[in-house]
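In this text the structure is predicted, and so the values were computed from the model without any measurement. Counting starts at 1 for both ligands and their atoms, in listed order.
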Amino acid sequence: MTEAVRCYDCGESYAFGDRTRCACGEPLWFDVDPTGFGWDRVRDAGGVWRYAELLPVEPADGRGLGVASGRTPLVRTPALDEYAGCRLSVKDEGENPTGSFKDRGSAVGVAAAAARGRPVVGTVSHGNMAMSMSAHAASQGLECVVLVPERIPEGRLEFIAQYDPTLLRIAGDYGQLYYDTLELAAEVGITFVNSDTPLRVAGQKTVAFELCEQFEPGVPDAIVAPVSSGGHASAIWKGLRELRDAGAIDELPRLYFVQSANCDPIATAYRTGADDVSSVSPGETVAFSIANGAPPSGNRALAAARATGGAVLSVPDDELLEATRRLAADAGLCVEPSSATTLAGVRRLAADGHVSPEESVVAVATGTGFKEGTAGTEVSSRLVDLEALPEALASVGGAE
Ligand SMILES: *Cc1c(COP(=O)(O)O)cnc(C)c1O
Ligand SMILES: [Zn+2]
């Protein structure tokens with residue numbers, strides 16, 4: 001498997017090392033040659049490792065939660081067809097070990113760190129990615145450092161803390177941490193697997209492989225997913241491109257991405273025809289998992305929607321809450337409000353004539369709604385001033 005990473009935008013290629021972004025500023029992804037790949041080449045392996053042929057790392061001697069990540073069901077939900085305005089299926093990513101698609105990227109990111117002899121991984125998250133990285137690190141015997149904001153609900157912190165990572169509560173500009181950590185990674189000896197880094201995207205693209213394999217023969221007319229940092233959206237696009245290049249599918253489904261109207265920088269760029277996504281300061285939304293006002297892969301998500309004839313749109317909180325209730329009541333699926341943006345979004349797309357009743361659409365339900373209450377974990381964390389970040393990271397890092 002290649003170690004080269006390439007810019008989706010300008011085409012520049014680099015040796016991976018720890019490089020995550022192109023000199024042009026855009027994010028990089030692994031350069032994969034999928035020639036010869038087909039459904040007959042899917043491995044008889046657990047979880048995401050079924051597609052190891054197209055991944056940048058092999059599973060580490062059977063260890064780790066990778067075998068439990070992915071292989072999620074594609075559920076046809078006819079009772080929602082009328083509401084959605086199309087033939088709807090739901091890819092239930094809530095079935096992953098920590099309840100979201102993030103486990104796909106964490107599996108590959110943590111396995112890659114282990115394979116390269118890196119004992120410490122890290123991430124910047126106070127939600128699903130934090131839980132996922134901590135769990136995967138635990139499962140492969142690696143240390144994990146998680147950077148959370150200074151103020152975070154205690155209940156949420158307990159969910160992360162149960163996997164026993166090092167928790168750093170950061171005082172200062174939390175948005176800047178995405179870049180600071182990637183810059184410091186090599187120096188402090190921590191493999192940061194942030195929202196849209198090449199390793200994360202490599203793992204997360206397996207959702208596209210799976211849903212196409214499950215949809216066989218043919219592909220859905222469209223795929224709808226929530227978007228925040230743009231890592232997941234980029235991964236779906238990447239996976240579909242690889243399948244097309246391999247000849248496993250003939251054409252790409254249209255990609256639609258949905259945001260909350262209270263934090264919709266990518267939808268705004270789409271609506272206004274802008275080339276680049278501009279940051280916004282996020283408002284309050286029940287869709288807390290998709291509230292990134294400065295998405296590092298915003299431009300890449302925008303490119304994915306435009307290149308496939310899709311769109312990026314946003315929906316108000318009352319609509320996505322209604323969609324959350326519908327998914328439970330009419331399909332038996334308990335999802336995060338963030339995930340229900342897909343149903344609310346496709347309903348709008350159908351009402352506006354972008355999706356028609358006979359079309360087949362897959363909504364990616366990115367995360368489970370079952371995250372109430374905890375086992376009373378004791379939380380230990382310390383407060384770190386942003387200026388003191390290099391030192392704090394170095395003290396937990398694996399650098400000699
Ligand atoms: C992280 C997350 C998203 C957004 O994914 P991005 O890669 O940041 O765009 C959507 N839904 C859920 C449940 C998530 O955890
Ligand atoms: Zn570039």
For Arg21, the salt bridge (charged side-chain N to carboxylate O under 4.0 Å, His left out) test, sequence neighbours excluded, returns Asp196

Query - Any Gly230 heavy atom less than 4.0 Å from ligand 1 - result: yes

The atoms of ligand 1 lying under 4.0 Å from a heavy atom of Gly367, numbered in the order shown, are 13 (C)

Exactly one candidate in Asn96, Val193, Asn128 meets side chain to side chain contact (heavy atoms under 4.5 Å, CB included) with Lys102; the answer is Asn128

Of all protein heavy atoms, the one nearest atom 9 (O) of ligand 1 is Ser228 N, 2.8 Å

task: Please say whether Ser195 places an N or O atom under 3.5 Å from an N or O atom belonging to ligand 1.
output: no

Checklist line | Cation over ring face, Arg41 and Trp39, 6.0 Å, 45° | finding: no

So for Lys102 against ligand 1, with non-hydrogen atoms under 4.0 Å, the contacting part is side chain

Any chance CZ of Arg87 has more than 12 other-residue heavy atoms, nucleotides or ligands included, within less than 6.0 Å? no

Salt-bridge contact Arg76-Asp81 (side-chain N to carboxylate O under 4.0 Å):
yes

Quick look: His232 vs ligand 1, heavy-atom contacts under 4.0 Å, and the answer is both

Taking the Zn ion (ligand 2) as the apex, Cys7 SG and Cys10 SG span an angle, rounded to 10°, of 110°

Of His232, Gln204, Glu93, the one forming a side-chain hydrogen bond (donor to acceptor under 3.5 Å, both in side chains) with Arg104 is Glu93

Any nitrogen or oxygen of Ser100, side chain or backbone, less than 3.5 Å from one on ligand 1? no

Between Phe209 and the options Leu54, Leu240, Ile249, the side chain to side chain contact (heavy atoms under 4.5 Å, CB included) test singles out Leu54

_Glu210/Lys91 salt bridge by N-O under 4.0 Å criterion_ = yes

Looking only at protein heavy atoms, what sits closest to atom 8 (O) of ligand 1 is Ser229 OG, 2.7 Å

Taking only non-hydrogen atoms of Glu336 and a 4.0 Å limit, the atoms of ligand 1 in range are 13 (C)

More than 12 heavy atoms from other groups under 6.0 Å of CD on Glu358: yes

Ligand 1 atoms nearer than 4.0 angstrom to some heavy atom of Ile290 are 3 (C), 4 (C), 10 (C)

Here the vertex angle at the Zn ion (ligand 2) for SG of Cys22 and SG of Cys24, given to 10°, is 100°

*Fit a plane to each ring of Trp237 and Tyr8, take the angle between them on a 0 to 90° scale, and name the class: parallel (under 30°), tilted (30 to 60°) or perpendicular (over 60°).*
perpendicular

So the atoms of ligand 1 within less than 4.0 Å of a heavy atom of Val227 turn out to be 9 (O)

If you scan protein heavy atoms around atom 5 (O) of ligand 1, the nearest is Phe101 CZ, 3.5 Å

**Item:** Any N or O of Thr366 closer than 3.5 Å to N or O of ligand 1
**Value:** yes

One finds that the ligand 1 atoms under 4.0 Å from a non-hydrogen atom of Asn128 are 13 (C), 14 (C), 15 (O)

